[in-house]
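Report on one structure; see the data block that follows.
Both ligands and their constituent atoms are indexed starting at 1 by order of listing.
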Amino acid sequence: MTEALSRSDIDKLQQLSCHELMEKALATKLERRGKAISLCAIINAKSGKCSEDCRFCTQSAHFQTDSPVYPLLSTEHIVAAARQAKEDGASHFSIVSSGKGIEKNSLTQIASLIKTIRKEVDTKVCASLGLGTKEDFLALKKAGLSRYHHNLETSKEFFPQVVSTHTFAERLSTIKAAQKAGLEVCAGGIIGLGESENDRISMAISLAQAGVDSVPLNILIPLPDTPMQDSKPLQITEILRTIALFRLILPDVPLRLAAGRETVLGDFLSSAFMAGADGMMIGGYLTQKGRSPEMDRQFVNEIQKLWTNV
Ligand code: SF4
């Protein structure tokens with residue numbers, strides 16, 4: 001680990017053009033992390049009816065959407081998805097459930113699910129179950145969980161514009177509790193919610209200060225019937241600048257592109273990997289389909305060839 005960038009270092013970076021930032025970020029990626037690209041996959045194991053009001057999310061019970069609603073899927077279904085993810089090349093498989101936090105009555109069920117996946121599939125298991133305590137995380141770790149996923153979503157300053165039913169501080173304390181229980185943490189957020197570049201930088205600094213192990217970056221897909229449905233899409237240069245700044249502020253962590261990488265970046269997906277990204281979620285997202293794993297495998301091969309010739 002090198003020393004964290006100071007605010008004045010970051011101010012100087014912000015003066016650079018998109019192209020200059022990308023050049024620096026790619027050099028940092030290759031120097032610090034080599035040519036590795038990490039792939040992960042998730043399953044929306046329990047969907048909808050969420051008490052929270054995250055304004056981008058179709059699973060919130062505060063908005064009338066046609067997003068699927070179902071209780072925890074069967075163990076067979078989830079284990080089969082973990083096996084498929086492994087075959088598709090994912091190193092980590094995450095169980096995601098909607099809701100504010102880890103429900104005490106489902107903790108035993110999730111722990112037993114994790115044990116079964118670990119027994120039947122050679123994969124690292126992650127979970128994203130909302131707010132939790134150190135005791136919850138100790139139980140999940142004992143069952144075989146490697147990593148807990150809990151996004152900050154946006155900057156501390158902008159967070160109240162996005163969610164009113166829980167706080168940024170609660171999210172940070174969940175991350176700390178997972179770390180205290182000995183779990184790795186995957187945490188990132190969503191860009192394109194109406195925040196500024198300074199907000200994106202503030203989120204990256206919070207993630208660096210929290211010492212997270214993996215950073216997923218989502219780009220808002222404005223979904224119908226959510227309060228964000230008419231959000232103005234980010235420019236491609238704003239997205240590439242953000243990825244490059246994240247890489248420079250977080251030089252040592254996998255920086256994974258998640259929702260929005262196909263739909264919003266489109267033709268510019270490879271440019272994101274020239275801006276310092278080095279991971280992807282494959283096989284689809286919580287409520288949105290992704291592209292085929294075969295296309296992603298070819299894409300990864302081509303990017304690694306490009307990096308060889310940088
Ligand atoms: S993002 Fe998570 S916590 Fe927020 S409304 Fe959606 S399911 Fe609930």
| query | Which protein atoms of type N, O or S are found under 2.8 Å from atom 6 (Fe) of ligand 1? | reply | Cys57 SG
| said: Please determine whether a side-chain nitrogen of the Lys or Arg among Asp278 and Lys35 lies less than 4.0 Å from a carboxylate oxygen of the Asp or Glu. | reply: no
| task | Identify whether the distance between the nearest side-chain nitrogen and carboxylate oxygen of Lys104 and Asp136 falls below 4.0 Å. | result | yes
| remark: Residues passing the ring-ring contact (aromatic ring centres under 6.0 Å, His included) test with Phe158, sequence neighbours excluded, are none
| message | Going by ring pair (Phe, Tyr, Trp, His ring centres under 6.0 Å), name the pairs with one or both residues in residues 108-138, residues two or more places apart or in two chains. | response | Phe137-Tyr148
| task | Evaluate the ring planes of Phe273 and Trp307, with Trp represented by its six-membered ring, and classify them as parallel (under 30°), tilted (30 to 60°) or perpendicular (over 60°). | result | tilted
| task | Can you confirm whether something in the protein, heavy atoms only, sits under 4.0 Å from atom 8 (Fe) of ligand 1? | result | yes
Using distance only, find each side-chain donor-acceptor pair of residues 221-230 under 3.5 Å and give its atom names and separation, not counting sequence neighbours.
| residue | atom | partner | partner atom | Å |
| --- | --- | --- | --- | --- |
| Thr226 | OG1 | Leu223 | O | 2.7 |
| Thr226 | OG1 | Met228 | N | 3.4 |
| Gln229 | OE1 | Asp225 | N | 2.8 |

